[in-house]
Each structure stands twice: as C-alpha cells, then as structure tokens.
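Every number for a ligand or one of its atoms is a count from 1 in the order of the listing.
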Amino acid sequence: MRIIHYLCELNRICAPVPGTPPHIIQKMQKIINSATAERFRQWIEESEQIVLTCHVRPDGDAIGSTLGMFHLLKRLGKRATVVVPDMPPRSLSFLPGFKGISIFTRHEDYCRRLVAEADLIICCDFNDPKRQDALGPVVAESAARKVMVDHHQEPSDFCDITISRPEMSSASELMFRVIAAMGYYMEIDLDSATCLCTGIVTDTRNFSVNCSDPEIYEVLMRLLEKGVDKNRIVREALMAQSLSSLRLQTYALSNKMEIIEPMRAAVITIDADELKRFNYERGDTEGLVNTPLNVRGVISSYFLRQDEDCIKISARSVENFPVSEVCKLFGGGGHLQAAGAEFHGSLEECRRLLLEYLPRFKNFLPSRLEKIE
Ligand code: MN
C-alpha cells in the first residue's frame, strides 16, 4: 500500500502540470497573504523598469534572492537590473547573471540613474536603508513603488509592501514562496532556481542551521526538480576558499581565540597588521565565527576584526542565546543566533566592552552547562 502511494506521489511530481500546482500555492499562501501576493504581481505587470537591490557586503542570500527574482522577471519579459551597494564576493561569480550586477561603489552615477528610472524597486534580504550604506538614501528617496522581501527582525517602514518573515531560513526561501504565491512557479527556470537555492544553502550553511521547518525541504525539492546542481553550489558558494584565507583562519583559531569559560563564549580578535600579513581580502574570514561553536560547551562566538574604518563584530550562537541583543549594545543587531555590529574605537576597547557586557546575559545560558575542554 505504501509503495503504491509512493509511486502515485512520484507520478504526481513527474507529471507535467499546467500553472502552479495547487498544493504548492496552498502551502505558500500560509506564509504570504494572497491579497499581498496579488498586489505585488500586479505591480510587476504594470512596471516598465524594475530594480532589485540588497544589503551592503552582499552574501549568498542577498545575491541569491535578487538574482533569483531577476531571472524570473526576465522570463516574464520585464526590464530588470540588480543594483547592489558594493562588490559581491568572488565565491558567487558562478551564479548566472552575476556579471550583469551593477555596483554602486564602482558606477555610482549609472546606479543612481537606474534607481531614478525605476518604477518598482524590490528590496531583498534587508530591513532598513541603513543596511545599504550610501545606496540607502538613494533607494529610500526614490519615487518608485517599493516592495521588501526579507527575513530580518523589526523591518523599518520604507516600503509600500513589506513582506517580512523572520521565521524564514533566508530571503531566498521567502522569495521562492512569494513567486509561487504570485502564480509564477512554472516560470522559475534553472537560472532562477540556482540563485534561490544558493541563498538557502548559504544562509542555512548547507542545512545545518535554521532548517527545522520541514517545508524548507519541500522548497529544496522543488528547486532540485528544476535541475539545480546543489553539489556545485555547496562547493563554490560555501566551501571554496583561498590558501591565504585558510591560513588566516587556522592562525586565528589556534593563536587568537580566547575562551570566556563562565559565559561559555569564544572571542577571536584580529588586528589590521595580522590581516595584512595574511594578504587579507574581503570574504577571507567568512564563516570563521561559526567554527568555535563546533566545540562542545561553547554557546556563543564573537569575531572582532579591525577593518579600515571600524571594528567589525560578528556573533553567532546556539541554544537561542541572544547574540542579537549583545550586538544591539554596539548599535548593531540581526538574528537571535546570528548578528553583527560595527564599533568605532580600538580593537582592545571593543574586546574589553564585549567582556564587560557578556555577564549581563548570564541568564540566557542553558541551565545545564558543559565544561569546555
Ligand atoms: Mn539572508
């Protein structure tokens, strides 16, 4: 009986279905209000020139969600461009459409013109113009209709339609659901699916965090059905690193990591000289902050890096320890278990403040603590 049921299921999946399969729409509509989806769909239809944009220092999800939607719009015969605040990492250059991305810090006038000429701007994977640096005010002040598709907490009110779902693994997963809810599921081609899948894979670190909702695997399945090469995405967007990056990360972990035992915290500090010594390029320390969490007993991890203009704080945690609240004390924020901030001052002062603040969060530690060894 089971096997027959399974074969029927398989047949249902493989059979060509005209339009978006109703059960997919049904599932997606739980997340996205159908009136909102319909309004967004109408705005896309009415638009002549659409700009897709995302946060500064774009990551796999920022680029995945913008490019994923970009390819869909192309398929619908729309004129669309992706405009990002600054250079995306090389690890994403395998994505279809990557070369066509317009970078504000490189071609400011051109980007300003694109934004000025747009009648619809889709803001992906960010919740506030502040997250776009100098591009922020340009987008916020534009007269175009604006739609936010994002999964960060506390979205600010600068868009005409705000689709904000912090419970989503990634903006890319949310974008897939929005696309399906608008009735465009069948229009998702391999290029679009590849970009969306990249956002999900990078934000969930290949399905190791934020992936408890069973439906995310349905989304993954639908993307794989479109022909996505997930192995390649994992290799290119998640694993690949330069030799100097590997050496810098190894050095940081063996020489620059301190364990704050009472708070079950790991703190890594890297100064500008050390970055120079390892020929640091942006992206070289990507993922480093996660590594200390592999140690049994470590509940939160902080990486403080001395950049040119500020100290960049990255924080990650397990067991729902609120690193977003820790980062708020530095004027930053983010997700409960993945957050960041920028500190203006010396690296040593930043570290000292962090160690001073941490004990305030003692109550958030799990009641049974393991020794770190
Ligand atoms: Mn994201």
Worksheet item: What do you reckon, is CZ of R360 surrounded by more than 12 foreign heavy atoms closer than 6.0 Å?
Response: yes

Worksheet item: Is the number of heavy atoms from other residues, nucleotides or ligands under 6.0 Å of R277 CZ greater than 12?
Response: yes

Worksheet, complete the sentence: For the Mn ion (ligand 1), protein N, O or S atoms at a distance below 2.8 Å amount to 4

Fill in: salt bridge (Lys or Arg N to Asp or Glu O under 4.0 Å): pairs with one or both residues in residues 75-88, sequence neighbours excluded
R75-D189, D86-R282

Fill in: Listed once per pair and sorted, the ring-ring contact (aromatic ring centres under 6.0 Å, His included) pairs that draw on residues 58-89, sequence neighbours left out
none

Practice prompt. Just grab all the side chain to side chain donor-acceptor pair (under 3.5 Å) pairs involving residues 304-322, residues at least two apart or on different chains.
Written response: Y280-R305, T285-R305, R305-D307

Practice prompt. Apply the salt bridge (Lys or Arg N to Asp or Glu O under 4.0 Å) test between E342 and each candidate in K130, R131, R57; give the one that qualifies.
Written response: R57

